[in-house]
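A short worksheet on the structure shown next.
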Amino acid sequence: MTTIHTIYKKLFTYYGEPQWWPADSPFEVMVGAILTQNTAWQNVEKAIANLKQSKMLTPDAILKGDIGELAAQLKPSGYFNIKAKRLRNYCDWYRGQGEQKELSELDTAILRTELLSVNGVGPETADDILLYAFNRPVFVIDAYTRRIFSRLGMIAGDEGYEALRLWFENHYQTDVSEVERVEIYRHYHALIVMHAKAHCRKKADCDLCPVIKKCRHFTSE
DNA sequence: ACCCAGGGTCATA
DNA sequence: TATGACCATGGG
């Protein structure tokens, strides 16, 4: 029987423990979460390198000065004008909340609502930040996740984001501690993205995806 | 030349 | 509620 857990085990066995979301600080994760919106991570790395180079990888530095200069740093990551605004919106909120101090005290559901109130932070970005920066047990739903579980016949595929997230969280490993759950969610999302990258380079590949229907990692059992 | 990437907002019907 | 336009660079 194919379950959320058996898929995880196969991915983990095949790819190993993922070294994912490399960052020197939680704030760097937050910046990366916004910059990676509909953008290849490789391009995001260049933009983050630019910010580090010019010592702008802090809320204060992002908020002060000319927004055009900030946008110029973000150029390699695409959508640089709108992402400059989104980074500022985020930093405005983040600094206003006393950064990690008060935020770490908030209940996960409240913190999630707060994140979603920032213009430019949607559900996936918010969950990236919750899971990889705040270590909260929230599973990230992306296009790959939807496609994989849909192809496996475990979901319809046209559910809304929130419905899918709750489906995953409520049907998976309800008997583990919160710390373990965070660890598993981090690994799982990373493995799904790794798997998709390995097998779905082009859309044509995805539509016939050997990984989902025929791939040995998913069909045996 | 075309397709897509570790999405989200806004205007329109 | 649900589409469509828009944002924009870089690699396959």
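This structure is a prediction, so every number in the text was calculated from the model and none was measured. Every chain is numbered from 1, with letters handed out A, B, ... down the list of sequences. Side chains included, hydrogens not; waters and symmetry mates left out as well; all remaining heavy atoms used.
A:L87 has its CG atom 19 Å from the P atom of C:dC7, to the nearest Å. In this structure, A:Y161 places its OH atom 13 Å from C1' of B:dG8, rounding to the nearest Å. B:dC10 atom C1' lies 15 Å from atom OH of A:Y79, rounded to whole Å. Spacing between atom NZ of A:K83 and atom P of C:dC6 amounts to 18 Å, rounded to whole angstrom units. Per the geometry, CD belonging to A:E124 stands 11 Å off P belonging to B:dA5, to the nearest Å. As a whole-Å value, the separation of A:I34 CD1 from C:dC7 C1' is 15 Å. Distance, A:L35 CG to C:dG10 P: 14 Å, rounded to whole Å. Residue A:N119 contributes atom CG, which lies 11 Å from atom P of B:dA11 at whole-angstrom precision.
For A:K46, a side-chain nitrogen or oxygen approaches OP1 or OP2 of C:dG11 to under 4.0 Å. For the OP1/OP2 pair of C:dA8 and a distance below 4.0 Å, the side-chain nitrogens and oxygens of A:N43 include no atom meeting the criterion. Phosphate proximity of C:dA8 to A:N81: present, with a side-chain N or O under 4.0 Å from OP1 or OP2. Between A:T39 and the phosphate of C:dA8, there is no side-chain N or O to OP1/OP2 separation shorter than 4.0 Å.
Nearest nucleotide to the A:R86 side chain, out of C:dG11, C:dT9, B:dG7: B:dG7. The listed nucleotides are B:dA5, C:dT9, B:dG7; the one nearest the side chain of A:T125 is B:dG7.
When Watson-Crick and G-U wobble pairs are counted only if both distances are under 3.5 Å, C:dC6 pairs with B:dG8.
When each of A:L57, A:L87, A:N50, A:I62 is tested with A:Q73 by the rule side-chain contact (heavy atoms from CB on, under 4.5 Å), just one qualifies, namely A:N50.
The aromatic rings of A:F139 and A:F168 lie parallel to each other, with less than 30° between the two planes, well short of the 60° mark. In this pair, A:Y94 and A:F27 present their aromatic rings parallel. The plane angle is below 30°, not in the 30 to 60° band.
With respect to the salt-bridge test (charged N to carboxylate O, under 4.0 angstrom), the residues A:R136 and A:D127 do not qualify.
Here the separation of C:dA5 from B:dC3, taken at their P atoms, is 15 Å to the nearest Å.
No contact: A:V140 has no heavy atom under 4.0 Å from any strand.
For A:F12 and A:Y188, the ring centers sit 6.0 Å or farther from each other.
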